[in-house]
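Computation of the quantities below employed the complete heavy-atom set of this structure, encompassing side-chain atoms and omitting hydrogens, waters and symmetry-equivalent molecules.
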Amino acid sequence: MHQTIIVGTGPAGLTAAIYLARANLNPLVIEGPEPGGQLTTTTEVENFPGFPDGILGPELMDNMRKQAERFGARFLRGWVNSVDLSGRPFKLQVEGHGELTTRTLIISTGASAKYLGIENEKESVGRGVSTCATCDGFFFRGKKIIVVGGGDSAMEEATFLTRFASEVRVVHRRNELRASKIMQDRARANEKITWSLNRTPLAVLSDENGVTGLRVRNNETGEDEVLEASGIFVAIGHKPNTDFLKGQLEMDELGYLIVKPGSTETNVPGVFACGDVQDRKYRQAITAAGSGCMAALDCERFLEEDTVQDWSQALG
């Protein structure tokens with residue numbers, strides 16, 4: 001039986017692993033199919049403290065992993081199919097490895113950005129297609145940018161990107177936006193923002209240097225149009241990676257795990273959540289890493305005070 005298992009290897013999970021390994025708790029870290037999380041799909045990271053010249057996303061995550069391994073964290077590649085948190089120890093069914101048991105559990109599986117699912121989109125991620133204006137807006141200074149989406153996040157990202165871009169064009173498949181009135185009014189009042197509503201994205205256009213534009217269908221005329229841009233920001237929401245936890249832990253209406261204010265504690269004692277899986281607001285590498293530290297400290301204190309070996313029996 002493990003003292004603690006960490007599910008997920010983004011900045012949150014790896015930071016938790018570093019802290020727990022230094023505390024001699026020998027954490028087992030379970031990697032999913034995309035070790036390192038969303039940062040592995042990012043090129044230059046310029047807003048993570050300590051790297052004045054920036055650092056490549058995959059390199060940053062590799063450094064974090066090596067640091068955790070240096071202190072004794074162990075890694076296991078596999079997909080967690082299901083968990084049983086109804087009693088102690090907690091049980092995890094991991095594809096290719098069977099059942100694992102642990103006294104404590106840290107969930108850091110993150111949230112996946114939703115994509116449009118159009119031609120040449122995934123191939124262009126990191127080459128002009130992005131899902132994070134805060135992360136990548138700086139690289140498009142003085143250039144034309146497209147933001148796809150009609151909700152509050154799209155309006156927020158479009159407004160933010162006007163700090164850098166020469167023009168920000170909002171593309172939305174409907175004629176009306178879903179964003180709140182205050183967010184719409186703020187965006188419409190910005191002279192740098194132009195609008196291409198009632199357009200359905202069809203394909204990302206690119207050449208050897210990166211994105212060149214977006215091909216869309218004009219829903220009114222039925223004709224295809226090409227919108228020129230050097231960057232395309234997809235802002236249609238995120239989906240927390242919590243499907244395997246449904247019925248086990250408390251979540252909000254979008255599936256984000258709910259933690260007690262000021263902590264990483266979930267509604268099940270001994271289970272902690274950190275990073276984007278419980279953060280629907282900030283979703284930054286540095287905030288994820290900070291919450292990973294919190295989860296490790298919460299977990300360490302829990303193990304020091306825990307004396308119950310089987311809660312299902314104790315609760316009778």
Answer whether the closest heavy-atom distance between the side chains of [X] and [Y] falls below 4.5 Å.
| X | Y | value |
| --- | --- | --- |
| Asn218 | Asn198 | no |
| Val277 | Asn241 | no |
| Phe233 | Asp136 | yes |
| Val216 | Leu202 | no |
| Ile286 | Pro49 | yes |
| Asp276 | His238 | no |

Going by the rule salt bridge (charged side-chain N to carboxylate O under 4.0 Å, His left out), which residues pair with [X] if we only count those two or more places apart in sequence or in a different chain?
| X | result |
| --- | --- |
| Glu225 | Arg199 |
| Glu121 | none |
| Asp252 | Arg280 |
| Glu300 | none |

Just to verify, what does [X] make a side chain to side chain donor-acceptor pair (under 3.5 Å) with, not counting sequence neighbours?
| X | result |
| --- | --- |
| Asn63 | none |
| Lys239 | Asp243 |
| Thr264 | Asp298 |
| Lys181 | Asp185 |

When clusters are formed by joining ILVMFWY residues with side-chain heavy atoms under 4.5 Å apart, either directly or through shared neighbours, do [X] and [Y] land in the same one?
| X | Y | result |
| --- | --- | --- |
| Phe90 | Leu100 | yes |
| Val7 | Leu76 | yes |
| Leu161 | Leu197 | yes |
| Ile30 | Val268 | yes |
| Val259 | Leu85 | no |

Polar contact flag, side-chain donor to acceptor under 3.5 angstrom, Asn120-Ser206: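 Judged by distance alone, the side chains do pair up.
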Show the atom names and distances, to 0.1 Å, of all donor-acceptor pairs under 3.5 Å that link a side chain in residues 139-150 to residues at least two apart or in another chain.
none

First locate atom [atom1] of [X], then atom [atom2] of [Y], and finally report the distance between them rounded to the nearest 0.5 Å.
| X | Y | atom1 | atom2 | value |
| --- | --- | --- | --- | --- |
| Leu28 | Gln3 | CG | CD | 12.5 Å |
| Leu205 | Leu214 | CG | CG | 7.0 Å |
| Met183 | Arg178 | CE | CZ | 12.5 Å |
| Ile18 | Cys293 | CD1 | SG | 10.0 Å |
| Ile106 | Thr4 | CD1 | OG1 | 4.5 Å |
| Thr102 | Leu92 | OG1 | CG | 7.5 Å |

Is there a donor-acceptor pair under 3.5 Å between the side chain of [X] and the backbone N or O of [Y]?
| X | Y | answer |
| --- | --- | --- |
| Thr242 | Gly255 | yes |
| His2 | Asn26 | no |
| Thr104 | Gly270 | no |
| Asn219 | Arg173 | yes |
| Arg163 | Phe138 | no |
| Thr15 | Ala12 | no |
| Thr9 | Glu31 | no |
| Asp152 | Ser180 | yes |

When you look at [atom1] of [X], are more than 12 heavy atoms from neighbouring residues, nucleotides or ligands closer to it than 6.0 Å?
| X | atom1 | answer |
| --- | --- | --- |
| Arg188 | CZ | yes |
| Glu46 | CD | yes |
| Gln248 | CD | yes |
| Arg215 | CZ | yes |
| Glu123 | CD | yes |

Pairing residues for Phe160 by the ring pair (Phe, Tyr, Trp, His ring centres under 6.0 Å) criterion, not counting sequence neighbours: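 Applying ring pair (Phe, Tyr, Trp, His ring centres under 6.0 Å) to Phe160 gives Phe164.
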Tyr256: partners by ring pair (Phe, Tyr, Trp, His ring centres under 6.0 Å), with sequence neighbours left out: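 None.
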If I compare all heavy atoms of [X] with all of [Y], which pair ends up nearest, and what's the gap?
| X | Y | result |
| --- | --- | --- |
| Thr131 | Glu157 | O-OE2, 4.1 Å |
| Phe48 | Met64 | CZ-CE, 3.6 Å |
| Cys132 | Gln284 | SG-NE2, 4.1 Å |
| Gly231 | Val211 | N-CG1, 4.4 Å |
| Ile118 | Pro201 | CG2-O, 3.5 Å |
| Leu227 | Ser196 | CD1-OG, 4.0 Å |

Verdict with reasoning, Leu60 to Phe51, per side chain to side chain contact (heavy atoms under 4.5 Å, CB included): CA-CA 10 Å; Leu60 176 61; Phe51 300 94; 3.8 Å; yes
With sequence neighbours excluded, residues passing side-chain contact (heavy atoms from CB on, under 4.5 Å) with Glu99: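 Glu99 satisfies side-chain contact (heavy atoms from CB on, under 4.5 Å) with Lys91, Gln93, Thr101 once adjacent residues are dropped.
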Worked verdict on Met294 versus Phe272 for side chain to side chain contact (heavy atoms under 4.5 Å, CB included): CA-CA 9 Å; Met294 292 170 58; Phe272 309 91; over 6 Å; no
Derivation of the side chain to side chain contact (heavy atoms under 4.5 Å, CB included) call for Thr109 and Phe244: CA-CA 10 Å; Thr109 47; Phe244 71 106; 4.0 Å; yes
Intermediate values then yes/no, side chain to side chain contact (heavy atoms under 4.5 Å, CB included), Thr194 and Glu167: CA-CA 7 Å; Thr194 59; Glu167 175 189 289; 3.8 Å; yes
